[in-house]
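Provided herewith is a single structure, encoded as structure tokens, for subsequent inquiry.
Atoms within each ligand, like the ligands themselves, are counted from 1 in listed order. Owing to the predicted nature of the structure, the values given are computational and were not obtained by experimental measurement.
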Amino acid sequence: MSWLRTELWTAEVVYTGFGTPMLRGALAVQGGFVVGQGSLEELRARFPQAEVVHKGRALFPPPVNAHTHLDLSLLPRYQGPFSGFIPHVVAHRERRGLEGVRRGLEELQAAGTGAFGDIVFKDEVMDFLLGESPLPGVAFYEVFAPDPQDAEAVFARVRAKVEAWRKREGRVRVGLSPHAPYSVSPPLLKRLAQYAREEGLPLMVHAAESLEEVAFLREGTGPLAEVHRRFSRTPFTPPGRTPVRHLHTLGVLGPTTLLVHGVHVDEEEVKLLAETGTKVVLCPRSNHNLQVGEAPLALYARHGVEFALGTDSRASSPDLDVRREALFLWDKVDPRLLVRALTRGGYRALGLPTPRITRGAPASLVHSL
Ligand SMILES: [Zn+2]
């Protein structure tokens with residue numbers, strides 16, 4: 001009976017969504033369903049007639065793209081120094097919006113994405129995602145307000161919107177995204193973090209992405225000083241601290257905070273992230289395109305920081321297939337960490353349960369790389 005034919009799917013790393021990802025693991029698949037999982041040797045002994053099928057580098061539950069800007073999906077891709085990126089986005093701002101979001105969601109689905117964390121810049125995008133997203137995730141409402149004089153007014157406006165949106169939460173939940181420590185004033189960062197804590201709202205903040213950001217926060221110098229002048233009437237007073245320390249001082253770090261990029265951090269800051277339970281979302285291909293450097297993966301792993309992967313936007317990344325972020329790093333770190341980051345790390349960062357590949361699970365739940 002051919003439908004009972006068993007295949008043993010194997011890969012360099014096999015992860016069922018729980019426990020530790022296995023090296024030389026396998027899944028037994030029969031009639032479109034998973035009927036066993038374990039080491040390849042173990043399954044060979046249990047299913048001696050089964051055909052062994054090599055599925056590439058990894059097998060795992062649906063991956064999570066923990067950091068997207070779907071509304072930027074129609075922008076041309078920028079490649080060049082970090083300081084040119086914000087001007088690039090501003091120059092193409094008329095191409096931001098719902099059409100890009102729709103295109104981006106299609107791309108996420110085509111890549112088999114199980115959940116996503118999106119930065120939402122326009123109200124109409126939040127309305128759309130809350131009402132119509134086919135995928136679960138968190139839509140983080142972006143706040144960009146560097147002038148401390150605006151802090152109270154911006155906070156009041158953001159809170160009113162978030163309260164209304166939260167009544168419509170379903171498959172997609174609402175989060176807050178103070179854009180970055182250089183583009184949101186300290187009093188507003190503090191206020192938003194406090195509000196998020198009180199309300200149990202997840203926070204996502206871009207931080208420690210570039211050396212320009214570090215120089216600006218420490219000394220008030222570099223190209224970000226120009227960006228700040230453009231958007232703030234009040235002159236900038238540098239806090240004199242690195243991004244992660246600055247955020248910690250303002251109460252922004254914590255278990256429901258996702259720090260995106262985390263490229264320029266020292267060991268003490270990595271410990272701070274671990275101690276506060278802050279999650280990190282790495283976007284290695286975006287970092288490569290914006291020439292900002294590479295995140296210290298080994299340091300994050302050594303201190304047990306939970307990390308996820310994200311593509312960032314189509315404006316700085318070639319596509320929205322988060323599996324390619326793992327591929328990009330494949331030879332740089334223990335690949336089991338990457339497979340975990342793609343799945344469990346991502347679901348945990350977004351506060352969602354990780355789908356499990358157990359006996360009886362449909363084979364369609366199994367994704368590969
Ligand atoms: Zn981003």
*If you check every N/O/S atom of Asp312, which is the one nearest the Zn ion (ligand 1)?*
OD1
*Using 30° and 60° as the class limits, which term best fits the ring planes of Phe307 and Tyr300: parallel, tilted or perpendicular?*
tilted
*Classify the ring geometry between His228 and Phe216 as parallel (under 30°), tilted (30 to 60°) or perpendicular (over 60°).*
tilted
*Do you see an N/O/S atom of His67, backbone or side chain, under 2.8 Å from the Zn ion (ligand 1)?*
yes
*Where the Zn ion (ligand 1) is the corner point, what angle links NE2 of His69 with NE2 of His206, to 10°?*
100°
*Look at the rings of His179 and Tyr182 and say which category their plane angle falls in: under 30° parallel, 30 to 60° tilted, over 60° perpendicular.*
perpendicular
*Ignoring hydrogens and angles, state whether a donor on the side chain of Glu107 or Ser73 is under 3.5 Å from an acceptor on the partner side chain.*
no
